[in-house]
Amino acid sequence: MPTVMATQEQIDAARRHIEELRDLHANDVTALIRMVEDGALKGQAGDRLTADLRAWDRGFKDLFARALSLLDSLQPTGKGASTR
């Protein structure tokens with residue numbers, strides 16, 4: 001499998017994009033959880049949906065953290081290889 005090298009500029013752009021997606025996700029899921037908890041869906045179905053949304057939120061937070069950690073482990077090369 002060939003090794004793909006990224007410049008610091010590409011790494012920084014990827015970081016900004018991941019952080020943007022993470023923030024957008026957090027706001028959307030938080031809004032959904034609040035809607036359900038405020039009575040949009042009552043009873044056991046609402047409780048199950050809230051639990052599922054919270055699990056989904058934890059999973060995505062972990063995914064974004066792992067993606068950012070992976071970027072931190074990259075060594076930039078070529079044009080734009082200066083440090084952040």
Side-chain angles (χ1 to χ4, degrees):
M1 182 174 200
T3 302
V4 178
M5 303 301 286
T7 66
Q8 188 63 48
E9 292 162 348
Q10 291 169 322
I11 294 169
D12 291 343
R15 174 175 295 285
R16 286 189 302 273
H17 190 71
I18 291 168
E19 289 171 343
E20 180 181 308
L21 289 171
R22 178 197 61 199
D23 295 344
L24 179 63
H25 157 74
N27 294 333
D28 288 346
V29 173
T30 299
L32 284 170
I33 291 170
R34 285 187 182 137
M35 279 193 324
V36 174
E37 288 180 339
D38 288 345
L41 187 60
K42 298 180 189 262
Q44 289 181 348
D47 294 343
R48 282 192 309 268
L49 181 56
T50 298
D52 288 347
L53 288 169
R54 289 188 186 282
W56 186 36
D57 187 45
R58 284 188 303 274
F60 270 102
K61 283 179 181 175
D62 184 50
L63 177 73
F64 290 126
R66 286 183 289 156
L68 291 171
S69 178
L70 176 63
L71 286 178
D72 289 340
S73 71
L74 295 177
Q75 295 297 317
T77 186
K79 182 181 175 192
S82 62
T83 59
R84 284 185 267 167

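Please read all numbers here as calculations on a predicted model, not as lab measurements.
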Quiz prompt | Residue pairs passing the salt bridge (Lys or Arg N to Asp or Glu O under 4.0 Å) test where at least one lies in residues 44-61, sequence neighbours excluded | solution = Glu37-Arg54, Asp57-Lys61
Self-check item: From Met35 atom CE to Leu53 atom CG, the distance as rounded to the nearest 0.5 Å
Solution: 9.0 Å
Quiz item: OG1 of Thr77 to CD1 of Ile11: how many Å apart, nearest 0.5 Å?
Solution: 9.5 Å
Quiz prompt | Basic-acidic side-chain contact under 4.0 Å: Glu19, Arg15 | solution =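 Salt bridge between Glu19 and Arg15, a charged N being under 4.0 Å from a carboxylate O: yes.
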Quiz item: Among the clusters formed by ILVMFWY side chains lying less than 4.5 Å apart, do Ile18 and Leu74 turn up in the same one?
Solution: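 Both belong to a single hydrophobic cluster.
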Quiz item: Is Leu70 linked to Met5 within one hydrophobic cluster, defined over Ile, Leu, Val, Met, Phe, Trp and Tyr using a side-chain heavy-atom separation of less than 4.5 Å?
Solution: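 Different clusters.
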Quiz item: Residues two or more places apart in sequence or in another chain: which of them pass salt bridge (Lys or Arg N to Asp or Glu O under 4.0 Å) with Arg66?
Solution: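 If we apply the salt bridge (Lys or Arg N to Asp or Glu O under 4.0 Å) test to Arg66, skipping adjacent residues, the hits are Asp62.
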Practice problem: Can you spot which of Ile33, Leu41, Leu32 makes a side-chain contact (heavy atoms from CB on, under 4.5 Å) with Leu49? | Solution: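 For Leu49, the side-chain contact (heavy atoms from CB on, under 4.5 Å) check succeeds only for Leu41.
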Quiz item: Is a donor on one side and an acceptor on the other found under 3.5 Å between the side chain of Thr30 and the backbone of Ala26?
Solution: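 Indeed, once roles are kept as given, a pair shorter than 3.5 Å links the two residues.
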Exercise. Kindly state each residue pair satisfying ring pair (Phe, Tyr, Trp, His ring centres under 6.0 Å) with at least one member in residues 11-50, sequence neighbours excluded.
Key: His25-Trp56, His25-Phe60, His25-Phe64
